[in-house]
Each structure stands twice: as C-alpha cells, then as structure tokens.
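In what follows, every heavy atom counts, from backbone to side chain, and hydrogens, waters and symmetry copies are set aside.
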There are 4 protein chains.
Amino acid sequence: METSALSQEMAAPSDPPSFTDPESPRGRLLRQAAHLFRDKGYERTTVRDLASAVGIQSGSIFHHFRTKEEILKAVMREAILVNTGRMRSRLEAVADTGEAVRTLVQCELESINGETGEAMAVLVYEWRSLSEASQAEILELREVYEGIWLDTLTRAKSDGLIEAEPFILRRFLTGALSWTITWYRPEGDMTIENLADHVMSMLKIPPA
Amino acid sequence: METSALSQEMAAPSDPPSFTDPESPRGRLLRQAAHLFRDKGYERTTVRDLASAVGIQSGSIFHHFRTKEEILKAVMREAILVNTGRMRSRLEAVADTGEAVRTLVQCELESINGETGEAMAVLVYEWRSLSEASQAEILELREVYEGIWLDTLTRAKSDGLIEAEPFILRRFLTGALSWTITWYRPEGDMTIENLADHVMSMLKIPPA
Amino acid sequence: METSALSQEMAAPSDPPSFTDPESPRGRLLRQAAHLFRDKGYERTTVRDLASAVGIQSGSIFHHFRTKEEILKAVMREAILVNTGRMRSRLEAVADTGEAVRTLVQCELESINGETGEAMAVLVYEWRSLSEASQAEILELREVYEGIWLDTLTRAKSDGLIEAEPFILRRFLTGALSWTITWYRPEGDMTIENLADHVMSMLKIPPA
Amino acid sequence: METSALSQEMAAPSDPPSFTDPESPRGRLLRQAAHLFRDKGYERTTVRDLASAVGIQSGSIFHHFRTKEEILKAVMREAILVNTGRMRSRLEAVADTGEAVRTLVQCELESINGETGEAMAVLVYEWRSLSEASQAEILELREVYEGIWLDTLTRAKSDGLIEAEPFILRRFLTGALSWTITWYRPEGDMTIENLADHVMSMLKIPPA
DNA sequence: GATGAATGAGGATTCATTCAT
DNA sequence: CATGAATGAATCCTCATTCAT
C-alpha cells in the first residue's frame, strides 16, 4: 500500500525523488512557500511574494514548478514524507506499545511545532486550495501516515492500554495535537516532552 | 438637516443589532456566505458566487454589506453571538459543575456540527482573511465566550473533577472538538450526545 | 437669433421657463449641483452626493431631472441665462461706448466671482461631460451672450477706443477674466470694481 | 539580500529621471494619455482606452505605472519640466528685459499650442483629479516655473516697461494665454509669433 | 412626489503564466 | 537557467437608473 502510493507519484516528472535538498533553489523556495502560505494564506501569497522572498524574479519560479499549485502540493508532500519517515525510524527502536503511542504523540507534536510546522499548518489550512487531483495524491501519502497511527492504537487497545475506539481516539487526538500550533510556543517554559506528558496522562497511559 | 439626511441614506450598516433575521435578505446572504466560505474558502468565493447563490445581482450585495470582508466578519460575529447566547441560557438550568462541563462540551459540539457549523469553521479557517481591525473586533467576542469556558473549568478543577490545568485542558479540548467537523457526520449512527459522552469519559468526569 | 435659441429650448419639457425659483427643490438642487460639480468635478460627484446635499434620497433626484447630465446642462443653462439677462439690463442704462465695455467687464467679473461663479466654472471645466446634443443647445445660448460682447467691442473699435481686433481682444479677455476664478478672492482687499479698473487700464480705455 | 531582491522587482517606478524617451513604451503611453485626457477628460478615459490607443493590453499599463492617477501626474510633471527647461534655455540668450518678457510669452504660447499643448491643458482641466499628495508634488514644479515669470516681470516693472503689478499682470496673462488653446489654431493664418505680437502690443512693450 | 432596494454594465486593478532575449 | 515585459481573464466595487410601495 505504501509502496504503491510512493511509486505512483514517482511518475510525475515534477515530483523529484524526495526529499529536496533544503539548500537547493527548489528547497529554499519550498521553505519560503511554507512560511508565506502559513502566514498569509495560499491565495493571498503571490508568486511575486514568493520570488522576492527567495531572491529571484517571478518568472524564474516556473523553472522549478509548473504552476503555483504545484508548489503548494510539494510543500504538503514533503512535509508528510519527512514526518512519516521520522515516525517510522523512531518507532524501530521501540518495542513497548505504550512507549510506541508516546513516540507517535511526540513525533506529531514535533512535526507540528518543529521545523515542518509551517508546512503541516499549510496542509490543514490550505487543503481546499488543492485541485481534486492533487488532493487525491496527497491523501494517499496521508493514509500511509495514518495507517501507522491506527496500527499502533489498535495494538494499544488489544493490550488493554486504552478503552476508547482507536478510530475515534485518533480523531480526537488529531484535533487536539494539531491545534497546539495555535497556542503552543516552543520558546516558553513548556517543552514538547511536557506537552506529550500532558497528553499521555490524559490518555491514562502510564510511562513504560 | 443635511447631515441627518446624509446618515439617513447610509446604505450598508455593518453591525446591526444582532441577530439578523434568517429570512431577511441579509440573513440569507449570511447563510450562503457561511456555506460558500466553508466550502471553497473566502478568497475563492467571488461576490458573484455569493450573489447568485442568494438569487440577486452582484451589485446588490453592496446594499447589505460595504465590502466582501464585512460579510466575512458578520458571519463570524453572528456565529459567536448565537453560540455564546445559547451556552449561557443552557448553563442557567445547570447547578452541578460536572454537568456544566458537559453542557459546554455539548454546546460546542452543537455549534460546530449544527446549524452554525459552517460559520464556526469559517471562523477558524478564514481568520487570516480578516483585516487586523476586524480581527480585534471578533477577538473581543471570542474572549467573552472563552471566559465562560475558563470559569467553568476552573470550578471543575477546584471541585477536584479534573486534574489538568484548566487553561491547557481547554486548549486540547478546543482542538479536539473543533476537529470533529472534519470527520463527524450527524447523519451517521453516532449522535452528538454520544460524541459528548466520549469526551466526558476521556476526561473521566462521571455523569451527575 | 436670440429668440430662436430661446424658443427652441422651450420645446424640451424638462427645461422649464427660466429661471428656476432658487427656493424650490429644483432650485436648491441646481445650487448644490453647481457647488459639487465645481468642487469635485461632474464625474466624481455622485447622484447620491447630490441627493444628500439637498436632503433627499437618491431616487428622488429623478423626479426633477431625467438624467444626471440634465442637471449639468441645467446648471449651465441657468448660469448663462441669468448673466445674459443681467448684462442686458445693465447695458440699457449706458450710452457711452467706453462705459459699455466697462459694464461688460464688470458684469463678467461678477458672473465669475459672484453667485453664479460656481456655475460659470462648471460651464468651462465640465464642458466635455456634456453630450454633443447638449453642447449644441448650450452653445446657442452662449452665442447670444457673445454677440452682445462682440457688438460692443466692434463699436469701441470704430469709435477708436481700442486698437485690437474685437474678435481677438474678446478672446484674450475671456481667458483673463475667467481665470480670475482661480486666484481672485472677494474677501480680500481688492473689490471687483478694482479688478475691472485694472482691466480697463490695461485696455487703455479712460473712464467716461 | 532578500530585501534588495524585493526592491529589484519593483515593477513600476513612478518618477524616473526626467524626461521619458518619447519612443519608449512609457513615452508613447504618456503622449496618448495627454491626448485622451485632453479629449475626453481623465475620468471618462478608461485604462482600456489608453491601452488600446498604445496598442497593448489593459493589464500591461500597470507595468509602467502603478495607478491611473500616476499617469495623470506623470503627464503633468513632464509637461512642466519640459517647458521650464525650454524657457530657461531660451532666456539664456536674452539680455534685454523687454525681450525677456516676449520670450516668456512666446514660450508659454508654444507650450500651450505646441507639442506639450495637450499636456498643458490636462494640467489645467484635470487638476482636481489629482490626489492632494500629487497636487503638492506638481505644485512645487509649478512654483519654479512661476518664479521665472515673476522675476522677469518684476525686472520689467523696475525698468519702467510695465505699469501693472507683476503679480496681477501675470495672472491676467496666465488666463489670456492659456485660453488660447480654446480658440487658436496653428493651421490658420496667424502664427504663434503673431499671437505674441498681439500680446506685447497689448502690454505696450515695444520691440527691442 | 418620495423612497430605497435592486439592477447590471462597466471601472481600475491584480496576478499566474508565457516567452523572447 | 534567469529575466521581466506583456498578457488577459478575473476580481471587487461603483453608480446612474428603475420601480414597486
């Protein structure tokens, strides 16, 4: 399922083998795009804004992306791929199911409030700016990511760690975690670990 | 005399004594606006879209609202006012603190998934399309609403009903509840009461 | 020639037998129109501006005038008619040719800087806002007015009072006198008589 | 680096080092603008009119000017600068005060009836279409121009060449000369030199 | 006569995209 | 690869005019 999703997007010539080097022109463009799209919204960000943020002329943008929408899609794509990748590799070192849940919570909080935060916010807030075709593409990647979550929560349920339906619990969690972007400030007293602790205690899952 | 005449012809009063009659042209416009803004986004909804959804000409929009942004603001304003009002009146009949928390959860779920749902989604998703001046206006109304929540959760904390910080709990709840709009379907098996039950059990607050 | 011009405009039902009573709704409208057209220009003055300046609703304007342009035309028409009338009656009391020239100069300065000043300015500055048909109508009235000037200057020429071609002199005078509107201030030290004195001395026509 | 990039893409510089090359797109645009603004008035000239007169698309206008008003301002600005420049250079070759006055009269007649005539008419007739900020800008340029006139007339007064107040005389002259645009036809029998002769003889200043 | 909501054509301006250099 | 002038469709908004009340 994952491989099919991945191989499919390989087909499009404008979607290079992830991930883009952050120092390449394309990478810098994507970083600025995430920032501007998050800040002003996709529609209110002009191609000129983008170009001047990167230090090039507006026409040159189209040497890197076919359309403005492709930039939006790429921002979302890379965010999901990066975070799916990190989640997977962190999970490899974890055997205990409770610890696995905590790892996912922690990863998701990092993805939302860390370096990919702006891109993740764009993923949520600018979803409707994506054409249906692009939505379908991105959706496939999201399903991979959500699959990992559901697998883990289902294990937690059968292990008796949680009572709620995995499906529903995941949804409440998605909302609660993604909303942190609107109020959590990494510069403040609370670390992301503290945040994760709060969540785990609300779920009544004890530390391993 | 002439100045009074001037103000007399004032075409588009922006903030009428709430709430707008839903059958008035203004009311129908607001309902359609909430729908379209939710569906396509504020920026991608044109004034013509709006007009034709209401069955008037695009120019006529501006008899009711001075600018497109005023419509957005009015949508948000009325949504908050309606829901603050409902929350208040429901709370009057409730003495028990645990029951009060449940009432708020239930009210918020209704506001998000009921008639004002589209407007509430607009409030979240289109916030950045509001000018700073309008944001400040709406923020004031939101603070009244949030004040009620915080008061109640603070009482719950001192009553020993909850362990978490009211402040932080409210934020997790905001995210979890507002996110229901993305997945909860009133037509399905689960009622809003069921949803609220799930939330209360997650909070470990027993029924009164 | 004069009568034909006058009788012709009698034909149009919207052009009432001049002059409009200044206290009638129509009269007040024309006064405010002259003021606004002079102040902001015809195009930038909206029918709503006009209406609110008079203390009525915009729709009511059209009970008095068929179109906005009719208002412009009426402003011009009445200004010319009033000033032609005054010039004629003042001239009746004057026999001496030099004195007649001075009378015309004085009258024109009054028309430009007195009560009809705004309307006269509109006549000059908003000429192009008139349809060709209306321009023709107004032109006929202007020709009556200019006829009086030319008659008098021609007499002055044959009396040896002036050297210049009456035709050319009139044109320099038109410019010089109408331009006073841009700089002459009735409230200042210089009276309109003083102004007229300056002009007469420039023409080297001695007082009678 | 990014900020320099920002200013680099600045599309429409408003005040270039005068004067604009008449064959450049900007120059052709200004010439057509002067023509159309003179002919139909600024307000009644649409950006589309302008564009099609130059042979470009309406959107392309905004590569050369930020707003329609900037075009109006540029038309006026260049007209004053060109004419101030010419007046100055012509004056350099002139020692005699009487001759200097004649030079100014001649220059002004040329400015009004020659190549810059349409722009000069726009300067007079479309003044109110300029924002107050732009009016102030243009006013500064006009004051330089008027300063030259006043200096010369003041010298003429102390040389005993004229009797009238320089200040008032200048104003009558401004009106008389600018009005020539409404009646003088270069194609006719009278040359601009003839016109200037008429003016000088009216001023009773003998040829040098 | 007066009202004022509604009309609908038209205006200035924006902006993603193209392409010759 | 980069530029930046040009495009042209689309956007919000204005406003003279109409007409049912």
- For the pair made of CZ in D/R26 and C1' in F/dA5, what is the distance, rounded to whole Å? 15 Å

- Item | d(CG, B/L36; C1', F/dT11) in whole Å | 16 Å

- Does a side-chain N-to-carboxylate-O contact under 4.0 Å join D/E126 and C/R44? no

- Message: For A/A33, give me all partners under side-chain contact (heavy atoms from CB on, under 4.5 Å), at least two apart in sequence or on another chain.
- Response: A/F37, A/L50, A/I71, A/V75

- Message: Regarding B/K73 and B/E137, does a basic nitrogen lie under 4.0 Å from an acidic carboxylate oxygen?
- Response: yes

- On the ring face of B/F62, is B/K68 found with NZ or CZ under 6.0 Å from the centre and within 45° of the axis? no

- Task: For DNA chain E, produce a single dot-bracket line, 5' to 3'. Pairs: Watson-Crick or G-U wobble, both distances under 3.5 Å. Symbols: ( ) within strand, [ ] crossing, | other strand, . unpaired.
- Result: .||||||||||||||||||||

- In short, D/A34 meets D/V122 closest at the heavy-atom pair O-CG2, 3.7 Å

- For the pair made of CG in C/L50 and C1' in F/dC15, what is the distance, rounded to whole Å? 13 Å

- Query: From D/I61 CD1 over to D/L29 CG, what is the distance, rounded to the nearest 0.5 angstrom?
  - Reply: 4.5 Å

- Result for side chain to side chain donor-acceptor pair (under 3.5 Å) between D/K40 and one of D/D49, D/T45, D/T46 points to D/D49

- Item | Protein proximity profile, nucleotides 6-15 of chain E - base contact B, sugar-phosphate-only contact S, no contact -, cut-off 4.0 Å on heavy atoms | BBB-BSSBBS

- Message: For C/E69 and C/S129: C-alpha separation, side-chain torsions, deciding distance, then whether side-chain contact (heavy atoms from CB on, under 4.5 Å) applies.
- Response: CA-CA 8 Å; C/E69 199 217 347; C/S129 292; over 6 Å; no

